There are 2 protein chains.
Amino acid sequence: MVNPSALEQMVCFQLYAASRAMTGIYRPLLEPHGLTYPQLLVLVALWDNGPTTVRDLGHQLHLDSGTLSPLLKRLETAGHLTRTRGSADERTVLIELTTSGLGLRDTLSYIPARIACAVDLTEAEFHQLIDLLGRVRGATH
Amino acid sequence: MVNPSALEQMVCFQLYAASRAMTGIYRPLLEPHGLTYPQLLVLVALWDNGPTTVRDLGHQLHLDSGTLSPLLKRLETAGHLTRTRGSADERTVLIELTTSGLGLRDTLSYIPARIACAVDLTEAEFHQLIDLLGRVRGATH
DNA sequence: CGCAATTGAGTTGTGCGCAACTGATGTGTG
DNA sequence: CACACATCAGTTGCGCACAACTCAATTGCG
């Protein structure tokens with residue numbers, strides 16, 4: 001019988017450790033391309049949903065401008081995207097992929113299979129995990 | 001039917017987002033005591049397993065000295081622990097809780113219940129999640 | 001309209017997390 | 001014993017995260 005107060009501590013630590021282990025799987029795959037995992041998330045968001053604003057990226061990734069601004073500046077410096085002041089609303093900044101940024105979608109397309117291979121779960125377990133994690137995160141809304 | 005390559009991307013993002021959401025639940029609870037989540041993990045390790053070395057803490061928490069050294073220095077400055085060069089092996093540094101550090105165990109004992117309340121899972125789901133996360137992390141060993 | 005309140009992006013400061021490195025200490029092998 | 005090698009902790013540098021803040025642009029309300 002486990003002390004119930006130990007359960008949350010364990011699940012929180014496992015969450016913390018698993019998340020870092022996960023980005024650790026991505027790191028050697030992304031490092032040759034000069035990318036980090038949060039940078040990949042920005043690219044995925046732009047690949048899937050097209051050009052958007054800093055604000056909307058923040059909503060998609062649950063990150064604020066304090067994190068995104070310097071990150072986007074690095075991706076711009078690397079030539080993967082452009083940042084343009086909005087014409088309708090001068091406060092916003094439109095984020096758009098360049099040819100280079102779009103091209104990374106193909107260049108990096110081999111990565112998901114490597115991750116699936118490293119994280120050896122069945123499809124049902126993937127769905128189960130996604131559901132449980134979503135509920136953990138949902139608790140904070 | 002979901003594109004299988006999207007599954008890993010989803011689970012990795014959910015892992016990343018849930019982990020940050022989790023430390024976000026801890027933050028307001030720890031902030032009044034001047035602590036962070038990684039600092040709490042160090043305290044938990046010391047409460048549960050007693051005095052140890054930097055090296056062993058690193059093994060328990062999957063962190064290296066580059067992360068632990070400054071973190072431990074901050075906990076020492078806060079008066080929660082002491083760092084002493086090992087007598088047998090002069091390379092090692094023994095980490096021991098002070099009265100203050102031991103006292104925090106009671107002071108912070110209300111936190112696990114708050115977390116369990118925020119993360120509203122059944123005991124079975126907790127175990128399931130811990131198991132799945134452990135297998136994700138285990139893939140990296 | 002006029003002006004307070006809100007919003008969007010960026011900056012600053014702090015604390016991780018990790019790679020790469022340093023320097024001191026210990027170990028093993030010839 | 002001597003010397004190459006490994007190990008431990010710490011430092012440096014960089015990129016997140018996030019709080020707190022600034023500043024400009026926009027909105028809304030009297």
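No experiment lies behind these values; they were computed from the predicted model shown. Here is the naming used below: chain letters follow the sequence lines, and residue numbers restart at 1 for every chain.
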For dA9(C), does either OP1 or OP2 sit under 4.0 Å from a side-chain N or O belonging to K73(A)? no
Any side-chain to backbone donor/acceptor pair from T77(A) onto K73(A)? Under 3.5 Å, distance only. yes
Decide yes or no, distance alone: a donor-acceptor N/O pair under 3.5 angstrom between the base of dG8(C) and the side-chain of S65(A). no
Using atom types as modelled and distance alone, determine if a side-chain donor or acceptor of R74(B) lies under 3.5 Å from a backbone N or O of Q39(B). no
Given DNA chain C, 5'-ward residue of the pair L94(A) and R27(A), judged by closest heavy atom: L94(A)
Rounded off to whole Å, could you give me the OH-to-P distance for the Y16(A) and dA17(D) pair? 13 Å
Which is true for T53(B) with a 4.0 Å heavy-atom rule: it touches a base, it touches only sugar-phosphate, or it touches nothing? sugar-phosphate
Output yes when a side-chain donor or acceptor of T98(A) lies under 3.5 Å from a complementary backbone atom of H80(A), and no otherwise. yes
Ignoring hydrogens and geometry, is there a side-chain-to-backbone donor-acceptor pair from R27(A) to T36(A) under 3.5 Å? no
Which of dC16(C), dG10(C), dC16(D) is nearest the side chain of P38(A)? It is dC16(D)
Of the listed dC16(D), dA19(D), dA9(C), the closest approach to the D64(A) side chain comes from dA19(D)
Length of the CD-P vector between E31(B) and dA17(D), whole Å: 21 Å
E90(A) CD - dA24(D) C1' separation (whole Å): 10 Å
Could you check whether T67(A) gets within reach of a base, just the sugar-phosphate, or nothing at all, counting any heavy atom under 4.0 Å? base
Look at R85(B) and dC8(D) and indicate whether a side-chain polar atom (N or O) is within less than 4.0 Å of OP1 or OP2. no
Whole angstrom value for the distance that separates P of dC16(D) from CG of L63(A): 10 Å
Phosphate contact (dA9(C) OP1 or OP2) by R55(A) side-chain N/O below 4.0 Å: no
Please answer whether the main-chain N or O of W47(B) pairs with a side-chain N or O of R105(B) as donor and acceptor at a distance below 3.5 Å. yes
Can you tell me if the side-chain N/O atoms of R83(B) get under 4.0 Å from OP1 or OP2 in dG10(D)? yes
Any R91(B) side-chain nitrogen or oxygen under 4.0 Å from OP1 or OP2 of dG23(C): no
Looking across every strand, which nucleic acid part, if any, lies under 4.0 Å from A88(B) by heavy atom: base, sugar-phosphate, or nothing? sugar-phosphate
Check every strand shown and say whether S69(B) touches a base, only sugar-phosphate, or nothing at a heavy-atom separation below 4.0 Å. base
Rounded distance in Å - CG (L35(A)) to C1' (dC18(C)): 17 Å
I need the CG-C1' distance between L71(A) and dG10(C), as an integer number of Å. 14 Å
For Q9(A) and P112(B) the tightest heavy-atom approach is NE2-CG, 4.0 Å
May I have the distance from L30(B) (atom CG) to dT14(C) (atom P), rounded to whole angstrom? 20 Å
d(CG, L72(A); C1', dG15(D)) in whole Å: 13 Å
Which part of the nucleic acid, if any, lies within contact of L68(A), taking any heavy atom under 4.0 Å across all strands shown: a base, the sugar-phosphate backbone alone, or nothing? nothing
